[in-house]
Amino acid sequence: MTVADRGERAARRAARRQSRIPTLFGLTGGLIVGVLICGAVFAPWLAPYDPTVRVATPFLPPSADHLLGTNDIGQDLLSEMIFGARVSLAVGLVAATVALLIGTTVGVVAGYYPKRLGSAMMRGVDVILILPFLPLLIVLAAYLGRSLLNTIVVIGVLIWAEPARIIRSQVLSLRSREYVLAARSMGAPDRWTILRHIVPRTGLLATGSFVRAVSNAILLEAALSFLGLGDPIQKSWGSTLFWAQSRGAFLTPAWKWWVMPPGLLIMLASLGFALIAFSLEERINPRL
Amino acid sequence: MRRRIDVRRLTQYGVVVVVAVTLNFLLPRLMPGNPLVLIAGVDVGLLSPEDRAEIVARVGLDAPLWKQYLRYWGDIVTGDFGYSFRAKRPIVDMIWSRLPWTLLITGLSLIVSAVVGVILGAISAWRRRTKTDLGMLTGMISIESLPSFWLGMVLISIFAVQWGLLPSFGAVTQASDLVGWAHAWDIISHAILPVITLSILATPGVYMTMRYSMLETLGEDYIRTARAKGAGERRVLFGHVARNTIAPVVTVLAIRLGFAFGGTVIVETVFTYPGLGRLVFEAVSGRDYPVMQAAFLVFTAAVLAANLVADLLYPLIDPRTRTS
């Protein structure tokens with residue numbers, strides 16, 4: 001074995017070790033997300049009680065019957081946590097889908113027509129990125145009124161700007177690739193070139209942006225519900241915390257079973273998607 | 001050699017202001033329901049006929065939309081944000097009385113998160129791919145997933161309720177006439193938990209930028225040259241890496257300041273801290289829309305000021321971007 005051989009093998013080993021970390025992050029994220037999605041789907045079978053029904057005395061501490069105690073109107077908190085996964089994940093996924101649709105459209109069009117149209121669109125994207133994000137979210141939510149659909153719309157229309165920027169830069173570079181130039185010089189219409197050659201190749205990047213958007217949307221839904229701007233009928237982790245706050249649960253020993261679980265679940269959900277996003281981004285643009 | 005402020009940037013900021021003001025103008029007028037309610041912020045039944053007539057006359061609700069729009073601009077340019085019928089006070093007064101508290105806690109948390117984020121980010125990049133680096137990175141990604149209000153609630157439960165170390169709400173002890181040092185400590189002790197919460201939340205952003213920026217610098221040719229000519233690690237770190245790394249970090253910090261301002265809506269709500277953010281929450285839950293709108297404009301102004309500072313600072317720190 002020559003010295004050069006050995007050097008090469010060491011380098012390959014180092015590269016493999018390095019690529020293991022994003023994979024580990026991705027797998028952890030996938031596991032978290034998988035468990036939470038299962039919980040949300042099978043909620044009616046998993047939850048011991050109906051979270052919308054009064055089943056015991058209010059403000060009970062944890063016991064064998066109610067593992068996380070009961071809330072201020074005697075509903076089972078564990079069941080509320082399990083059903084809460086539905087709202088949080090649904091809002092996260094749907095709002096991120098809305099954001100991705102707008103973001104991809106704007107990104108692809110702005111990247112494919114980079115001159116007048118594209119630069120005007122990106123000027124608009126920059127304006128949206130500068131506006132104070134959270135206050136704008138609150139103002140829009142306050143005017144639109146409290147419903148699940150409005151929460152999704154408000155979050156979706158505010159978080160598409162970052163994906164749009166990322167996808168545009170990818171399209172800009174795809175646009176000057178040889179096969180795209182070939183297709184165009186053979187007289188392929190723009191629509192065909194875009195759908196056939198450009199959009200499919202933004203897939204990995206778009207997936208990364210989508211997963212990152214889900215992670216953000218989950219946190220934003222929780223924040224809106226906590227401020228009392230969420231759907232008053234739906235039980236989400238954020239609304240549990242809203243009631244815990246307005247009933248002063250965090251000023252009593254009840255914080256351990258009423259405040260801790262929903263917060264940890266929100267964090268886990270957001271973290272699960274963030275880890276997947278991180279491992280995807282790392283694959284595209286290694287930063288480790 | 002000073003850089004002229006970029007005209008395009010200024011135009012962009014101008015557009016942001018126009019968009020914010022226009023949104024404010026259009027939202028209450030285009031939403032379903034009585035615009036009078038949305039503009040006054042209280043139910044019409046609660047207004048006396050004189051009040052009602054005054055509002056209609058003041059915003060010119062009977063006039064065509066473009067005239068109302070011009071009048072709205074006139075009010076804002078002259079610093080007249082209107083009157084809160086709910087609080088029975090001019091809105092400008094309400095904002096001025098809240099602003100100092102928000103500036104206090106955002107300013108302090110910016111300093112804390114900048115120092116901690118820069119130090120940890122530098123260590124992380126210097127020890128790239130070691131256990132230290134990965135541990136810190138994982139920790140920071142986890143912090144980014146923390147719901148900010150929940151972090152505040154948990155800190156209150158532990159430090160204020162469980163251990164009774166710090167006050168759990170407000171900015172000063174109510175109905176106390178503390179003076180001198182006792183008064184200063186009162187203010188500080190009330191600010192500690194909100195500042196810690198905001199600092200924890202702002203640190204990952206600084207850390208990520210610092211780590212990435214330093215990794216880029218470490219890969220530059222002039223660092224290899226410095227090492228090759230025999231410069232010690234310390235000299236490489238402080239003489240070559242530090243200076244070239246810090247410019248993007250300062251920009252991010254300045255922009256973060258604008259974001260931190262918006263983040264106070266949630267943190268101040270949890271701590272019942274009487275700043276601008278809490279004012280937004282009170283306005284939203286009391287449906288006092290004009291107050292909410294005025295606060296939104298102040299937040300916009302803060303973000304723009306922060307961006308402007310970033311634009312002005314960058315060439316001072318990184319001479320490569322100066323134009324003669």
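All values reported here derive from a predicted model rather than from experimental measurement. Order of the sequence lines sets the chain letters (A, B, ...), proteins ahead of strands, with each chain counted from 1.
What you find for Val303(B) and Ile130(A) is that their closest heavy atoms are CG1-O, 3.0 Å.
Distance check: Ile143(B) CD1 to Leu271(A) CG gives 11.0 Å after rounding to the nearest 0.5 Å. The distance from atom CE of Met153(B) to atom CZ of Phe226(A), rounded to the nearest 0.5 Å, is 5.5 Å. One finds the CG atom of Asp126(A) at 7.5 Å from the CZ atom of Arg9(B) (value rounded to the nearest 0.5 Å). The OG1 atom of Thr269(B) lies 5.5 Å from the CG atom of Leu227(A); values are rounded to the nearest 0.5 Å. Here the straight-line distance linking atom OG of Ser145(B) with atom CD1 of Ile218(A) works out to 9.0 Å at 0.5 Å rounding.
Using a 4.5 Å heavy-atom cutoff, the side chains of Ile266(A) and Trp150(B) are not in contact. Side-chain contact between Leu140(A) and Leu27(B) is present, with heavy atoms from C-beta onward closer than 4.5 Å. Contact of the Phe281(B) side chain with the Ile138(A) side chain is not registered, since no non-hydrogen atoms from C-beta on lie closer than 4.5 Å. At least one side-chain heavy atom of Val154(B) sits under 4.5 Å from a side-chain heavy atom of Met260(A). Using a 4.5 Å cut-off on side-chain heavy atoms (C-beta onward), Gln162(B) and Trp255(A) make contact.
Comparing Val280(B), Val284(B), Val15(B) by heavy-atom pairs within less than 4.5 Å of chain A, the highest count is held by Val284(B).
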